[in-house]
Amino acid sequence: MQPLSEQELVRRKKLEEIKQLGIDPYPATSFPVNATAKDILENYDTNEQAYQQISLAGRLMNFRISGAASFAEIQDSTGRIQIYARRDDLCPGEDKTLYNTVFKKLLDIGDIIGVTGYVFKTKMGEITIHLNTFQLLSKSLKPFPVVRRDDEGNVYDEVTDLEFRYRQRYADLVINPTVKDVFRKRTQLMNVMRDYLNERGYLEVETPILQPIYGGAAARPFKTHHNTLDMTLYLRIANELYLKRLIVGGYDGVYEFSKDFRNEGMSRFHNPEFTQIELYVAYKDYQWMMNLVEEMIEQVALALHGTTEVPVGDQVINFKRPWKRFTMFEAIEHFTGIDISQMDEAALRETAKKLDVPFDKTMGKGKLIDEIFGEHCEPKLIQPTFITDYPVEMSPLALRHRDNPDLVERFEAICNGKEICNAFSELNDPIDQRQRFQEQLELGKRGDEEAMILDEDFLRALEYGMPPTAGLGIGIDRLTMIMTNASSIQDVLFFPQMKPENKPVLATQEDYINIGVAEDLIPVLQKLGFWTLEDFRKASANKLFNDVCGMRKKMKLKEVKNPTKEEVEKWLEAVEVEA
RNA sequence: UCGCCCAUAGCUCAGCGGUAGAGCUCCUCACUUUUAAUGAGGAAGUCGUAGGUUCGAAUCCUACUGGGCGAACCA
């Protein structure tokens, strides 16, 4: 535990005073609420009568205390509203403690209170709650950073420290109101998709996160161990192979919002755990799926923004249907002027060289094409665009193209220079699927750490027969980033993965006392740099004795008694015993 | 994993070899419609951690820790 700051000590002292007044700072109670800040601010003007007896709870922010009447602001889940507290209303009798002491002195910014009263408008025209009563519902012991705003909406002292915001998201949500909105949008986005798919009769399902064989994507997994079964399990990197098993089982359409886990690098586009939606629909193909994606994402944009146009960075992205469509070969020709559709591996290598695309020996034909596309096309695709017909080598789970066996029936939607979805006509030929897995095994032997492993049970399922099926995966985090104009994935995850804070373990008040240090000497030792028990372990008794006496004098602590040298020696012995 | 940048009071930041600073927050006092409330007074710091250079380091150097941004890998 960190030593308490001056302000935290003040709040703990206030907590004691509150208890001494017979007030429970953490009462076990429900507080009935009949209004929200947003509701009052929006509707008071048109219906004043409805707000004469309101009851509202929230967190105190921004106090403006004056003599016998004070203003403050209370923040609930919908926003902030001003409250007005008058001494003689809160305390009609002789005893003015509740206002003079409790309200004015013992409440702090961050405290959670419940209030009752009536709504009125101040001289300045601000809609305000005139309090009849207030009740402390939870005392806040840790001060929030204070962010202030003026009438024009300018923000002062905004907390911009990303480390603070990501590690203490709970505080970030309280002090930066736009953050809450991002996460509301994220949920809304998923709900729009869920409604869209449910309306069409597709079934939302759950499949295993702990998998004995990881599959369905090319990625390195997290590995764990089940004790009772004494076996290795992997956290899923995708749920594709399980959803297809369900299509074999006879469902026409299944989907799952799936937390997936990939043990790879982190960046502003990558978190070790992330969310995808995967959807599989029987008797459909990738052309059909393209239309579904267009329509569903257009609906998401409309629901979140009221228009298909979404601002992203300094661009405006328009999700209005129909989106532009390119085959991969067309896209490469469009952006580089080179037609690679007839090239063999050697010619592709030459082209990659000419186009300054980095490549190495392990890359086959498919990988080379993918690299050229990734380097020269993908970053330039800002407006939503479908890229179709990928090389077969890159897509071991996709069905071969009906017109060209070197290609697969696959598409990705690219938006703002990044992939937002990946879909194909699913490979349902068990013989071909086995062969493709074999090719992946070969790649694995060549050193590709992300090559897929062969899943016998999945092949057995395919052997029973899977109908022609269209499959889709959409990165929810990436799509949310676009829909909320976030530049980092951490801004759309409540609790993005962080390294541990790993602060040194500071000695508590009790630690000092336990080793025999008199309480009033603790500040002296801290001034000398003795913050942890480890500091004592490294110290010599003679030097510490001299330093303590010297520092006590320097700090002019006349009432504090110097320790004897024997006492100092005992401290150091006690520390050794503790260890 | 590699490269560049950042770390000073609870928050936002200044200081960049010579006594640790400002605004807000906090504390005390005044104030019955204030609103970035106001007026007066006050308190608050392991200058990320550990070494080094120096008469002297928040400031210069090195390493480490944490964060950000690029690259690599990927979605």
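Lettering follows sequence order; numbering is per chain, from 1. Worth knowing before you read on, the calculation uses all heavy atoms, side chains too, and leaves out hydrogens, waters and symmetry mates.
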Pairwise P distance, B:C4 and B:G41 [rounded to whole Å]: 50 Å

Between B:G68 (P) and A:D491 (CG): distance, integer Å: 10 Å

Donor-acceptor pair between A:T78 and A:D76 side chains, under 3.5 angstrom: yes

Rounded distance (Å) that lies between atom P of B:G45 and atom CG of A:L4: 14 Å

A:I109 CD1 - B:A37 C1' separation (whole Å): 13 Å

Chi angles and distances behind the salt bridge (charged side-chain N to carboxylate O under 4.0 Å, His left out) call for A:E17, A:K14: CA-CA 5 Å; A:E17 289 175 39; A:K14 289 183 182 181; over 6 Å; no

P spacing across the pair B:G48 / B:C6, given as an integer number of angstrom: 13 Å

Would you tabulate the nitrogen or oxygen pairs shorter than 3.5 Å linking the protein to nucleotides 69-73 of chain B?
{"unit_1": "B:G70", "atom_1": "OP1", "unit_2": "A:R268", "atom_2": "NE", "d": "2.6"}
{"unit_1": "B:G70", "atom_1": "OP1", "unit_2": "A:R268", "atom_2": "NH2", "d": "2.9"}
{"unit_1": "B:G70", "atom_1": "OP2", "unit_2": "A:R268", "atom_2": "NE", "d": "3.3"}
{"unit_1": "B:C73", "atom_1": "O2'", "unit_2": "A:E450", "atom_2": "OE2", "d": "3.2"}

Sequence neighbours excluded - side chain to side chain donor-acceptor pair (under 3.5 Å) pairs with any residue from residues 118-134 of chain A: A:D45-A:K121, A:Q82-A:T128, A:D89-A:H130, A:T116-A:T133, A:Y118-A:H130

Touch class at under 4.0 angstrom, heavy-atom based, for A:D477 against every strand present: nothing

Partner nucleotide, any strand, of B:C73 [Watson-Crick/G-U, under 3.5 Å]: none

Strand partner of B:G66, provided both Watson-Crick or wobble distances fall under 3.5 Å: B:C6

Watson-Crick or G-U counterpart of B:G41, or none if no pair lies under 3.5 Å: B:C27

Residue pairs, two or more places apart or on separate chains, that pass ring-ring contact (aromatic ring centres under 6.0 Å, His included) and touch residues 359-398 of chain A: A:W323-A:F386, A:F386-A:F411

d(CE, A:M61; C1', B:C24) in whole Å: 14 Å

Nearest non-hydrogen partners of A:G374 and A:P379, listed with the distance: O-CD, 3.3 Å

Contact state string [nucleotides 27-34 of chain B, B base, S sugar-phosphate only, - no protein heavy atom under 4.0 Å]: S-S-BBBB

Counterpart residues, ring pair (Phe, Tyr, Trp, His ring centres under 6.0 Å), relative to A:Y234 (two or more places apart): A:Y214

Nearest-Å distance once atom C1' is located in both B:G39 and B:A58: 35 Å

Considering all heavy atoms, the nearest A:T480-A:I476 contact: OG1-O, 2.6 Å

Nearest-Å distance once atom C1' is located in both B:U25 and B:A37: 15 Å

Pairwise C1' distance, B:U34 and B:A30 [rounded to whole Å]: 15 Å

Whole-Å gap separating P (B:G67) and CD (A:E501): 9 Å

Interatomic distance, A:I83 CD1 vs B:A37 C1' [rounded to whole Å]: 15 Å

OP1 or OP2 of B:A75 under 4.0 Å from side-chain N/O of A:N271: no

Value in whole Å for how far the P atom of B:A75 lies from CZ of A:F274: 8 Å

Length of the CZ-C1' vector between A:R149 and B:A36, whole Å: 11 Å

Protein proximity profile, nucleotides 9-14 of chain B - base contact B, sugar-phosphate-only contact S, no contact -, cut-off 4.0 Å on heavy atoms: -BSSS-

Salt-bridge present (A:R11, A:E8; N to O < 4.0 Å): no

Rounded distance in Å between the P positions of B:A44 and B:A22: 12 Å

Ion pair check, A:R149 and A:E73, cut-off under 4.0 Å: no

Span that lies between the C1' atom of B:G21 and that of B:G15, in whole angstrom: 7 Å

Separation of the P atoms in B:U59 and B:U53, to the nearest angstrom: 15 Å

Complementary nucleotide for B:G18 - Watson-Crick or wobble, under 3.5 Å: B:C55

Polar side chain donor-acceptor pair, A:R87 to A:N100, under 3.5 angstrom: yes

Touch class at under 4.0 angstrom, heavy-atom based, for A:R167 against every strand present: sugar-phosphate

Mutual orientation of the aromatic rings belonging to A:F103 and A:Y99 [parallel < 30°, tilted 30-60°, perpendicular > 60°]: parallel

NZ/NE/NH1/NH2 to OD/OE distance under 4.0 Å, A:D88 and A:K96: yes

Touch class at under 4.0 angstrom, heavy-atom based, for A:R262 against every strand present: base

A:D370/A:K367 salt bridge by N-O under 4.0 Å criterion: no

